[in-house]
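Every chain is numbered from 1, with letters handed out A, B, ... down the list of sequences. For clarity, every value in this text was computed on a predicted model and none was experimentally measured.
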There are 2 protein chains.
Amino acid sequence: MNTKDLAYFSDLTQTKNFSKVAQDFGVTQPTITMAIKRLEAEFQTKLVLRDRTHNDLGVTASGEQLAVHARAILAELDLTHQEITHLTQDQTVLGLPPIIENHYFPRVAAHLQAQGMLANLQTLEGGSVWLRQALRDGQADLALLGSTAPLSYKSLVAEAFDRQPFRIFVAADHPLAKRQRIYFSELRHEKFVLFNSSFVHNTAFNQFTRRNHFRPEVVFRANDTHVIMNLVAQNVGVTFLTAIGAQHRDDVVQLELLDDAQPEFIASIVYRDSHVLTPTQQQVLAVLRTTLGE
Amino acid sequence: MNTKDLAYFSDLTQTKNFSKVAQDFGVTQPTITMAIKRLEAEFQTKLVLRDRTHNDLGVTASGEQLAVHARAILAELDLTHQEITHLTQDQTVLGLPPIIENHYFPRVAAHLQAQGMLANLQTLEGGSVWLRQALRDGQADLALLGSTAPLSYKSLVAEAFDRQPFRIFVAADHPLAKRQRIYFSELRHEKFVLFNSSFVHNTAFNQFTRRNHFRPEVVFRANDTHVIMNLVAQNVGVTFLTAIGAQHRDDVVQLELLDDAQPEFIASIVYRDSHVLTPTQQQVLAVLRTTLGE
DNA sequence: ATTCATTATAAATTATTTTTATATCAACCG
DNA sequence: CGGTTGATATAAAAATAATTTATAATGAAT
């Protein structure tokens, strides 16, 4: 069976228009008619219902089922291409959320440098949530990710290497700046400057707000620690980060949280379980493990 | 890309012999040569190393990677066929381990009968461990499975509906038969008759033995409760089953276990998350839920 | 040195897919 | 109504792709 037919069909279930699919793939319309016929023969079932009365194309139950699998197959094929490309170019793409990149990566880079392997490494920046998907679909080969619970994801292998508590950061001239420890509930009426939703900080933050039964007022979301810290320093709001997320600065004060059973920031090395690691990638992984492991 | 090429390649990585692959698929040998060439062109990389010196065919890193994905794609395609076949024949295959079949299924069957749906149901018997795989690769659409921890498997959805403690069964004339409750450690020197390893009972049993630091003497393994019970009645050994696993009989006595934090037998309704349920399958699922749910 | 087992190559054949050209069908429109 | 439009189907021709046949090449084993 040709995977092209699956691609045609997958598109058809979405556009519900034979001619449009033909256009999308730069082929003529009868090609699509024939492709669908082939699939219907292969699976011995009607896949689409041509309802010319309402000029609307229906997908049968079998068709829906096929569409689900067709997409899975096409995604797998795509992933295969990406992986093999990285493999042949001996390139390792390491996904890094900015906080981890700032805190842990310098150490790793130094070791890789020493082994002359830095040239084979590309980094891919993004929030942990976004990177998890990037890892799945082959944009990255390895990643260092943050999470609030030990990672255990379908098709991914995760090895936790560090845990960090979350902290609150306020401007040095903020009323709370004198305190060293506070309860999250005391922040009920504060304004917040936070990471955007592709970061795990949000998961943890939401746990805190849910437990304390309040809707926080989030005045701004950014995806850069420095931007956030600058806003905090100017009292635009307070923020919620890990201790390691913030370089030291005089105009911002760090507060410990006193709440029980707090979520933690768990840092893990993550990779796909279906991915056969190259020697280079294994070396990178080994460096990550020895450098980051306790 | 044609999936046939992936099948050829997958076979080749295992047989490591072009001619053998050709035979396996009933085609001529140059067909395989060409297929591999096509894949090598598609992925722009060498996939196999023709090492004629050692008359051994090596698979490159890229080849290994492709093989992993090729198998995944072919399995997905196979699953698709199976699912669509069941779909068009409006047949639902329900996987049932024998213990669950004996205890819970009669109730379910009565309800299905009342709704005239029993004709659309086929059952597939096997241990929970084996059925889990059968469900994954499409031999079954739904299953009632036993487990010792709440089920959460990659690509499967599980809804727990009952919990049962494990018990020990001994012959009526066994020295322990007078006791009503015992500690597992008291069984250190007993002979055991058990289910074979495709049953979850083993997982639980192993937890008990590990905690009590002994290697049990297993004298026989069977996959039928009656066989096991008959052996127990004749003092061939004692067994380890759920309370519901045994019909009442005079020659066998049931003992409660006194150990702390025992594993339980958790019964769950399980199905694939990628599977689009037919109306019939949804009805069956609804009957399962109402009949089995508390 | 010859034979054997294995894979490669090239031309011919066969199968499959795509295009071109045209038909069908229902809805819409004045 | 009849004509036009948008959508899919069909059939024959053309283009592509896969497979076979026949044979060559390669290295190992005897």
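Atom CG of A:L6 is separated from atom P of C:dT17 by 12 Å (rounded to the nearest Å). Atom CG of B:L47 is separated from atom C1' of C:dA8 by 17 Å (rounded to the nearest Å). Across the protein-nucleic acid pair, A:R38 atom CZ and C:dT16 atom C1' stand 8 Å apart, rounded to whole Å. Note: CE (A:M34) to P (D:dA9) measures 10 Å, nearest angstrom. In this entry the distance linking CG of A:L49 with C1' of C:dA26 reads 17 Å, nearest Å. Rounding to whole angstrom units, OH of residue B:Y8 and P of D:dA18 are separated by 10 Å. Across the protein-nucleic acid pair, A:Q23 atom CD and C:dT18 atom P stand 17 Å apart, rounded to whole Å. Remark: P of C:dT16 and CG of A:L39 are 15 Å apart, rounded to the nearest angstrom.
Under 3.5 Å, the side chains of B:R71 and B:T13 contain a donor-acceptor pair of N or O atoms. There is a side-chain donor-acceptor pair under 3.5 Å between B:Q65 and B:H69. Inspection of the B:R221 and B:N202 side chains reveals an N or O donor paired with an N or O acceptor under 3.5 Å.
Within the 4.0 angstrom heavy-atom criterion, only backbone atoms of the sugar-phosphate kind lie near A:N17; the bases stay farther away. Residue contacts shown for B:F25 are absent, as no nucleic acid heavy atom lies under 4.0 Å away.
Interface remark: the A:Q29 side chain does not form any donor-acceptor pair with the D:dA7 base, using a distance-only criterion of under 3.5 Å.
The shortest distance between the side-chain N/O atoms of B:K4 and the OP1/OP2 oxygens of D:dT19 is below 4.0 Å. An OP1 or OP2 oxygen of D:dG6 is reached within less than 4.0 angstrom by no side-chain nitrogen or oxygen of A:S19. Dashed line: the shortest gap from a side-chain N or O of A:T33 to OP1 or OP2 of D:dA9 is under 4.0 Å.
Comparing A:P30 and A:D5 along DNA chain C, the residue whose closest nucleotide (by nearest heavy atom) sits nearer the 5' end is A:D5. Toward the 5′ end of DNA chain C lies the nearest nucleotide of B:K16, the other residue of the pair B:K16 and A:A35 mapping further downstream.
You'll find the side chain of B:V200 stays beyond 4.5 Å of the side chain of B:F195, heavy atoms only.
Checked against D:dT20, C:dT9, C:dT6, the side chain of B:T28 finds its nearest nucleotide in D:dT20.
Side chain of A:T80 to main chain of A:E76: a donor-acceptor pair is present (N/O by atom type, distance under 3.5 Å, no hydrogens or angles).
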